[in-house]
Amino acid sequence: MRSAWWRSPGSDAGRANLGAVTLFSLRRSALALAVAVTGWAAGCAITPHPMVDPGYAARAYTPGRVAVLPPDVFVVVDQVGDNDPAQAAALGQQVSGEMMRLADQLLRARGYDVDLSARWDGVLGPDGAVLVSGQDLGGLANGVLAFANSADAANEGALATPRVVAPELAARVGAATQSEAVLYVNVKGAVVTPGKRTASILAGVFFIAIVAVVILALAASSKGGGNGGGSGFRGSGGGVPRGTPVARAPMGGGGWHGAPATPMATPRGAPIGGGGGTWRGGGAVPARPVGAPVYYGGGPHLGIGVGVVVPLDGPVYTHDGNVDYDDPLFAGDQLYVSMTLVSTYDGRVLWHVRDSVDLEADRPDHIEELMHAFLDTLPPALPRPGANP
């Protein structure tokens with residue numbers, strides 16, 4: 001349907017209005033594009049807003065020891081032409097190891113003991129016996145992601161009602177590692193090479209130049225008057241065409257599910273009688289959540305993850321699936337982060353945050369900034385029962 005201005009009296013008036021509106025709109029579009037390019041280049045500060053279990057936030061109870069699962073890192077190195085999956089896999093392994101090291105350091109700084117014995121092939125005892133299988137660890141990770149990918153995980157602040165993740169699997173990890181909580185980190189993102197960044201900037205400059213030429217042409221046309229027949233800008237569509245996407249990054253090798261290449265000297269856990277589920281943290285024993293939603297992934301409950309492909313840009317994460325990256329014309333460094341702390345006592349979500357940040361995965365200082373910004377929002381640990389002050 002035609003807009004109201006087409007019904008105004010006189011064709012010349014209609015053309016003048018169209019010229020003015022179109023000229024103003026294009027000027028505004030050029031300004032918006034310039035501002036967007038500036039923001040894209042500058043990035044923004046990290047301000048994560050976690051959701052926290054109320055009792056944990058008030059420090060009525062806190063874990064004493066945290067078992068850290070190996071961070072899952074899916075990263076693509078975005079370059080001009082085809083992306084290199086081997087380069088992406090190497091960077092993913094590097095980032096996973098750095099995150100593990102920083103998690104150990106930052107958790108200890110907040111008063112927590114830390115266990116780093118879990119690997120994706122399982123948790124082993126001092127004698128090499130398998131205490132928790134790799135399949136169970138994967139099931140726990142998928143259970144965490146079933147929660148992290150849900151609408152519930154998009155909130156922030158105090159959890160109104162408890163959320164529980166695979167309590168049986170969480171208890172097994174707690175028994176094997178002598179921990180009261182397990183931390184799972186999942187990261188996906190893109191690192192833009194200097195060559196691709198230069199190409200993106202040149203493309204932005206080209207589009208701005210095209211818009212400027214159109215503005216000048218419209219200005220000249222409005223001064224010289226129309227030549228009958230109405231405007232050529234009827235209807236929707238038109239404008240500057242989008243660039244054709246370059247080849248997709250082969251992300252199959254970019255997801256790293258492993259511990260650091262050089263394992264850190266942290267003793268492996270020992271089995272505990274009773275199969276886990278014993279509170280050994282600080283503060284009062286938490287009341288077990290009754291009737292709370294329970295999230296599972298993998299195992300006999302729900303098979304998810306295998307064969308799943310999730311987009312890189314968005315708050316959906318995978319453990320054993322793949323991440324799809326459709327190279328944008330205006331590429332930028334971006335990381336999508338999900339971190340979740342789950343109680344091994346009853347499987348409740350103690351703390352969760354997911355966010356996207358404008359940081360570069362190939363810069364260790366950026367990874368350190370990210371880990372500080374997220375883990376510094378954890379409540380400090382209370383002393384464990386019987387611990388020396």
Okay, side chain of R59, backbone of A381: is any donor-acceptor separation there less than 3.5 Å? yes

For the residue pair E168 and Y296, confirm or rule out a side-chain donor-acceptor distance under 3.5 Å. yes

Kindly indicate whether a cation-pi arrangement holds for K188 with F74, taking the cut-offs as under 6.0 Å to the six-membered ring centre and within 45° of the axis. no

Give a yes or no on whether the backbone of G189 and the side-chain of Q334 come within a donor-acceptor separation of less than 3.5 Å. no

Within the 3.5 Å criterion, strictly below it, is a donor on T377 or W351 matched to an acceptor on the partner's side chain? yes

Should R348 and Y56 count as side-chain neighbours, where that means a heavy-atom distance under 4.5 Å? no

Do Y61 and W279 come close enough that some side-chain heavy atom pair is under 4.5 Å? yes

Between T344 and S179 (side chain of the first, backbone of the second, donor and acceptor by atom type, cut-off under 3.5 Å), is there such a pair? yes

Qualifying residue, where the test is side chain to side chain contact (heavy atoms under 4.5 Å, CB included) with V310 and the options are D324, L145, V323: V323

Report yes or no: do Y295 and D152 form a side-chain donor-acceptor pair below 3.5 Å? yes

Does the side chain of N142 come under 3.5 Å of the side chain of H319 through a donor N or O and an acceptor N or O? no

Any donor-acceptor N/O pair, R119 side chain to P70 backbone, under 3.5 Å: no

Scanning both residues in full, the closest heavy-atom pair of A118 with L69 reads CB-CD2, 3.8 Å

Looking only at heavy atoms, which two atoms of A361 and V191 are closest? And how far apart? CB-CG2, 3.5 Å

Between V75 and V187, is there a side-chain heavy-atom distance shorter than 4.5 Å? no

